[in-house]
Protein chains: 2
Amino acid sequence: MTRADLTEREEKILTAVIRDYVETARPVSSSAVVKRSGLDVSSATVRNVMRALEERGLIRQPHTSAGRIPADEGYRYYVDRLMGPVLLPERDRTRLTAELTVLRGHDLATVLTEVSRMVSDVAHQLAVGLEPAVESSVIERMEVVPLDATRCLAAVSMRSGQTRSAVFECASPADRQTAQAATALLNDWVAGLAVGDAEKILATKVGEKDCPFASLLCPLVEQWPALFHFHDSERVHYEGARYMLRHPEFSDDASILGEILDSEEALADLVRGPADPQDVAVTIGGENRRKKMRGVSLIVGSYRVGATVGRIGVIGPTRMRYRRLVGLVGHLSGLLDDFFSSDGTEERR
Amino acid sequence: MTRADLTEREEKILTAVIRDYVETARPVSSSAVVKRSGLDVSSATVRNVMRALEERGLIRQPHTSAGRIPADEGYRYYVDRLMGPVLLPERDRTRLTAELTVLRGHDLATVLTEVSRMVSDVAHQLAVGLEPAVESSVIERMEVVPLDATRCLAAVSMRSGQTRSAVFECASPADRQTAQAATALLNDWVAGLAVGDAEKILATKVGEKDCPFASLLCPLVEQWPALFHFHDSERVHYEGARYMLRHPEFSDDASILGEILDSEEALADLVRGPADPQDVAVTIGGENRRKKMRGVSLIVGSYRVGATVGRIGVIGPTRMRYRRLVGLVGHLSGLLDDFFSSDGTEERR
DNA sequence: TGTTAGCACTCGTATAACGAGAGTGCTAAT
DNA sequence: ATTAGCACTCTCGTTATACGAGTGCTAACA
């Protein structure tokens, strides 16, 4: 159970076990390791080493006298130290950039859905895309327009390029003049603020006695969260459920898929948590907080849209191609960063 | 194979077979039918009748000397003629209305997600909610506001209560004055039109040589579909995948679930097709166009939002509680109709 | 001390045989 | 037309068996 480094030979054998198991999904025998690792040793030697690896908790035996399969800790060691430079075939690279350019000009939800689809297709795994939390998006401009005696249209554009719009009720009628004046005032107050902050500011402003345009602004503030879908708007896009079901580890008991798909919050929580701003975060099996999620691994990357971040990720059995998928997610993170920062500025590459 | 009516006794036996099979998921024996149907006949008699029903294709034997299970045609006969008045327990009724009132004032996507959740919880099935096609929604008002030198915010509100907004690029700068005039003109043109029609009208108008505000309106029209997510905006909300996996018919081979979840279009097509404006449409197993969907049944209802219709539905194995689920979907259709027609007019019940 | 060949042992999987039980289909009696 | 009785069929669970893959161990070797 020491944390010390493995010898080079141990590392090679661990790698071989992982690579082979990822391919075949069956316990890996010592002789298979000999073949794959290229090591010039006998299977007996490999067995000795494997025993050592097992004692360290890196691999395990499903039952006595079976081959070895990687343990969560083994995957962890592999991901952290053995995996080597992440790798994404040129083929996939070009495909991704190509498909992404087509998406220029489309709204964020569409882009994210399509990107999730791309990811799941390339990864052959369940892919998930998380929209940036609009809560911390910075408001560029708001607009309030009267529709009829009791209803107004409100629209917000964020620096991130996201927009929100909704119709809200206001008891007393407002004419266009008033609405324009109110809009101007509103923008003075909230333009340049994050959505979350703006809500607080507005609540105070509107609460004051001499607040102008109160009859218009009060209802707006009251209905703020519902109207703009602000709070729970970290929408999740799934794609590629079919891949999940194809993995032998889930083909008999697919209940995990149900758990994942049905609990947006659970997943959002997971996806939000670990990822570092820049890097790709890998969560392996038992490392997940949710008990239900033990047995699956997550690879999550983030992309910036203005001041906020969204996430893209891949979910699959712990037996997954970490190197390739980390490469994929990382690469796509970068692409999306560019995509959203060059924003509408057309093709600046 | 005659289409003639069944005798009363035959109907009772068919009903018993279906009811029992729906509960137990196991082939129904003649003696079980005797118990359940309340008929005062021997099991031998029931066997004779069952043979007749089998020859008509209403029920079938999984293998020789097993009980009978309903065939698709049997379910069909049951749904069309035997099911009797649809039934939804008072408990569920009140629950639905209660949960629905809480959703007042929330935007359509949120409402639909929550409704799907409610449906799946009550039905214990995979539920699906389809947003109304915005294509045929009637535009109430559009608004164009300049943001900076090259970008404008556009917002549309539909009579249905739906709204769309987006940022678009326009080469030459526009001041607020111009934008207001353009907005006025725009509303003259498209207010009161369906979104789909408005697109065509605008395209012609903008194509004309002396079109005013061309520098502003041209880009708007060009980016119309992408901007407003108009064409492919029949968003699908799924809920309750876990229920699907619990059914014994899918627990071993869950690949169907993958197919359903991954092919939004396939499903949207299905859901769009059959439902009559007012009624609840039931599609049973092999009646589905898509081969992949044989083995599952659909119950679909519609709700009106202004001039457009959306759908809610339930997907499950053919072995489902048709009476209850038709009741549920029908009831909810009505509730949603009211919900959206009383629109923002607060509590008019 | 590390490595390896050889071999006995373990354990899962596949296959067949078997019995029990459920349910039908048929026949003959009512 | 209905039904009691009975033989027949088919599934399912259990047990026995053989097979094979793979290990762990021991002893020999560099």
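Numbers restart at 1 for each chain; the letters A, B, ... are given by sequence-line order, proteins then strands.
Side chains of B:Y77 and B:E11: a donor-acceptor N/O pair is present below 3.5 angstrom, by distance only. Between the side chains of B:S116 and B:T113, no donor N or O sits under 3.5 Å from an acceptor N or O. Looking only at atom types and distance, the side chain of A:D121 has a donor-acceptor partner in the side chain of A:Y243 under 3.5 Å away. Side-chain contact of B:Y238 with B:R117: a donor-acceptor pair under 3.5 Å is absent, judged by distance alone.
Remark: B:R68 is in phosphate contact with C:dG25, judged by side-chain N or O atoms under 4.0 Å from OP1 or OP2.
Residues from residues 17-33 of chain A placing a heavy atom under 4.0 Å of any atom in DNA chain D, listed by number, are A:V28, A:S29, A:S30.
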Using distance only, find each side-chain donor-acceptor pair of residues 61-68 of chain A under 3.5 Å and give its atom names and separation, not counting sequence neighbours.
unit_1, atom_1, unit_2, atom_2, d
A:Q61, NE2, A:A66, O, 3.1
A:R68, NE, A:E54, OE1, 2.9
A:R68, NH2, A:E54, OE1, 2.8

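Atoms NZ (B:K35) and C1' (C:dA22) sit 12 Å apart, rounded to a whole Å. In this structure, CD of A:E10 is placed 11 Å from P of C:dT3, rounded to the nearest angstrom. For the pair A:R9 CZ and C:dT1 P, the computed distance is 16 Å after rounding to whole Å.
Under the side chain to side chain contact (heavy atoms under 4.5 Å, CB included) test applied with A:L332, the options A:D92, A:V280, A:L88, A:V119 reduce to a single match, A:V119. When each of A:L14, A:V28, A:V17, A:I284 is checked for a side chain to side chain contact (heavy atoms under 4.5 Å, CB included) with A:P70, only A:V17 meets the rule.
Under the rule for a ring-ring contact (aromatic ring centres under 6.0 Å, His included), A:F250 has no partner lying at least two apart in sequence or in another chain.
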Under the 3.5 Å Watson-Crick or G-U criterion, the dot-bracket string of DNA chain C, with | for inter-strand pairs = ||||||||||||||||||||||||||||||

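More than 12 heavy atoms of other residues, nucleotides or ligands lie within 6.0 Å of CZ in A:R95, so this atom counts as buried by the packing criterion. Around CZ of B:R294, the count of heavy atoms belonging to other residues, nucleotides or ligands within 6.0 Å does not exceed 12.
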Enumerate all atom pairs, one protein N or O and one N or O from nucleotides 26-30 of chain C, separated by less than 3.5 Å.
unit_1, atom_1, unit_2, atom_2, d
C:dC26, OP2, B:R51, NH1, 3.4
C:dC26, OP2, B:R51, NH2, 2.6

Any protein N or O atoms within reach of nucleotides 12-16 of chain C? Criterion: under 3.5 Å, listing atom names and distances.
none

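Side-chain contact between A:R246 and A:Q125 is absent, with no heavy-atom pair separated by less than 4.5 Å.
Comparing C:dT4, D:dT23, C:dG25 by their closest approach to the side chain of B:Q61 singles out C:dG25.
Taking the six-membered ring where the residue is Trp, A:Y322 and A:Y75 present tilted rings, their angle falling between 30° and 60°.
Residues A:V22 and A:M320 share a closest heavy-atom pair of CG2-O, 3.7 Å.
With hydrogens and angles ignored, a donor-acceptor pair under 3.5 angstrom links the side chain of A:S65 to the base of C:dT10.
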